[in-house]
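All figures in this text were calculated on a predicted structure; none of them were measured in a lab. Proteins get letters first, then strands, A, B, ... in listed order; numbering begins at 1 in each.
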Protein chains: 2
Amino acid sequence: MADISTRKVNPLFLREEELRQGMELLFYAYRDFTAEADLLLEQYNFGRAHHRVIHFVSRNPGINVSDLLAILQITKQSLSRVLSQLVRDGFIEQKTGIQDRRQRLLTVTEKGEELERKLSENQRTLIANAYREAGAEAVEGFRKVMLGMLGASDRARFDDEFLPNGLRRRLG
Amino acid sequence: MADISTRKVNPLFLREEELRQGMELLFYAYRDFTAEADLLLEQYNFGRAHHRVIHFVSRNPGINVSDLLAILQITKQSLSRVLSQLVRDGFIEQKTGIQDRRQRLLTVTEKGEELERKLSENQRTLIANAYREAGAEAVEGFRKVMLGMLGASDRARFDDEFLPNGLRRRLG
DNA sequence: CCGTTATGTCAGTTACGTTGACATATTAAT
DNA sequence: ATTAATATGTCAACGTAACTGACATAACGG
């Protein structure tokens with residue numbers, strides 16, 4: 001086979017090829033992964049940014065704005081537009097913090113949870129299918145490689161990943 | 001441990017948690033992966049779109065515009081802006097097709113290859129480190145899961161992934 | 001010759017990010 | 001008690017990269 005002979009003759013080329021392939025896998029996977037939700041979002045006049053906000057607020061109920069900004073890594077002005085739309089339309093609620101009254105603690109309303117479920121339904125299916133077809137061992141490898149590609153601060157977010165929702169550590 | 005007890009008590013919750021975690025891994029990995037190249041691109045007044053074009057033209061020398069559009073999945077108007085800048089600045093060359101003179105076949109110039117190397121240097125390092133730390137078996141799992149998440153047409157692009165560059169099949 | 005294809009371009013729009021400057025309420029510190 | 005720092009919000013202007021729709025040109029193919 002051409003591939004095998006190439007493997008033997010030029011292993012360095014294949015290493016390079018392997019890396020390039022990884023880059024492309026990431027590109028295609030991310031795009032295919034977000035494609036369907038994007039279509040749904042259009043019906044609400046929302047964009048991908050709204051989905052991200054709903055997702056992370058749903059995952060971190062009671063999160064404050066600073067911590068959300070740290071996760072999303074955008075400016076407060078950018079978040080403001082998206083967040084105020086979500087609040088206006090009743091998908092997210094803001095409550096003044098108890099210990100620190102400067103904070104606006106964010107939670108997703110039931111209406112918001114419903115939207116989140118709709119938006120992520122296809123994504124969950126995609127991942128679930130990929131996980132199921134690949135098998136538990138492959139999933140472990142997938143997680144290992146993905147975690148290895150994250151920056152230190154993002155990796156820290158997964159340290160307590162198996163704690164129940166309410167106990168998850170805020171910040172990063 | 002909290003995680004193990006939770007696992008036993010509520011396996012369905014953990015399944016959901018596992019899927020959500022996969023979604024976030026993809027989000028963080030993609031962002032961290034592209035962050036550094038984005039900074040470099042600014043110095044050329046280019047954006048991520050330019051990187052994508054250079055990458056895929058470099059990978060598919062002599063590709064025509066339609067096939068490139070099929071890979072990128074953007075409109076020709078969107079590609080036009082980016083591509084004409086890259087041609088203007090001497091990173092990409094267009095040659096009229098030989099069999100079909102309507103086609104503009106695209107190749108990356110030496111200057112373009114140099115830029116591509118610079119841009120992907122950090123990305124290659126990120127992947128290489130993640131691969132090395134995770135081990136060969138994990139990498140196989142990673143690839144399996146990622147491929148499983150792709151749509152059929154994107155998955156087809158990886159059918160001949162181990163053929164040398166010049167022999168890779170065009171289109172999808 | 002004519003319909004289709006490959007490509008390009010003009011014009012207008014949208015989503016989502018940016019910077020900079022400033023305002024307000026609240027907390028923390030000297 | 002005053003002052004500095006923090007958390008948040010907002011106004012304004014801007015840039016990139018995507019989009020749609022419409023039209024133009026050149027070349028291919030029957």
A:Tyr131 vs A:Phe142 aromatic rings, parallel, tilted or perpendicular, using cut-offs 30° and 60°? perpendicular

Sub-3.5 Å pairs of nitrogen or oxygen atoms, protein against nucleotides 27-30 of chain C:
{"residue": "C:dT27", "atom": "OP1", "partner": "A:Arg101", "partner atom": "N", "Å": "3.0"}

If you count every heavy atom of other residues, nucleotides or ligands that lies below 6.0 Å from B:Lys118 atom NZ, does the total exceed 12? no

Validation row: B:Tyr44, B:Asp89 side chains within 4.5 angstrom (heavy atoms): no

Provide the full list of ring pair (Phe, Tyr, Trp, His ring centres under 6.0 Å) pairs with a residue in residues 64-89 of chain B, sequence neighbours left out, each pair given once. none

Give the rounded distance in Å between these two atoms: CZ of A:Arg31 and P of D:dA18. 11 Å

Those residues that, when tested against A:Arg101, pass salt bridge (charged side-chain N to carboxylate O under 4.0 Å, His left out) (two or more places apart): none

Could you state the atom-to-atom distance from CD of B:Gln85 to C1' of D:dA18 in whole Å? 14 Å

Listed in order of residue number, which residues of residues 74-81 of chain A have a non-hydrogen atom at under 4.0 Å from DNA chain D? A:Lys76, A:Gln77, A:Ser80

Report the residue (B:Val65 or A:Val82) whose heavy-atom-nearest nucleotide on DNA chain C is the more 5′ of the two. B:Val65

Between D:dA17 (P) and B:Arg52 (CZ): distance, integer Å: 9 Å

Once you round it to whole Å, what is the distance between C1' of C:dT18 and CD of A:Gln73? 15 Å

Write down the distance between CG (B:Leu83) and P (C:dG8), rounded to a whole number of angstrom. 7 Å

Nearest-Å distance for atom pair NE2/P, residues B:His51 and D:dT16: 18 Å

Can you find a pair of side-chain heavy atoms, one from A:Leu150 and one from B:Leu25, that are under 4.5 Å apart? yes

Counting only heavy atoms from other residues, nucleotides and ligands, does the tally under 6.0 Å from CD of A:Glu36 exceed 12? no

Side-chain N or O of A:Ser66 less than 4.0 angstrom from OP1 or OP2 on D:dT8? yes

Under 4.0 Å from any atom of DNA chain C, heavy atoms only: list the residues of residues 89-97 of chain A that qualify, in numerical order. none

side-chain contact (heavy atoms from CB on, under 4.5 Å) partner of A:Val53, the single match among A:Leu106, A:Ile74, A:Leu83: A:Leu83

On the nucleotide C:dC16, are OP1 or OP2 found under 4.0 Å from the side-chain N or O atoms that A:His50 carries? yes

A:Met23 to B:Gln123 - nearest heavy-atom pair and separation: CE-OE1, 3.4 Å

Once you measure the plane-to-plane angle for B:Tyr30 and A:Tyr30, does it fall in the parallel (<30°), tilted (30-60°) or perpendicular (>60°) bin? parallel

Is there a residue in residues 42-49 of chain B whose heavy atoms reach under 4.0 Å of DNA chain C, and which residues are they? none

Atom CG of B:Leu69 and atom P of C:dT5 are separated, to the nearest Å, by 16 Å

Can you classify the ring geometry of B:Phe46 versus B:His50 as parallel (below 30°), tilted (30 to 60°) or perpendicular (above 60°)? parallel

Rounded to whole Å, the CG-P distance (B:Asn64 to D:dC28) equals 14 Å

Min side-chain heavy-atom separation B:Val65-B:Gln103 under 4.5 Å: no

Counting neighbours of CG on B:Leu39 that are heavy atoms of other residues, nucleotides or ligands and sit closer than 6.0 Å, is the number greater than 12? yes

Should the ring pair B:Phe56 and A:Phe27 be called parallel, tilted or perpendicular, given that the plane angle runs from 0 to 90° and is split at 30 and 60? tilted

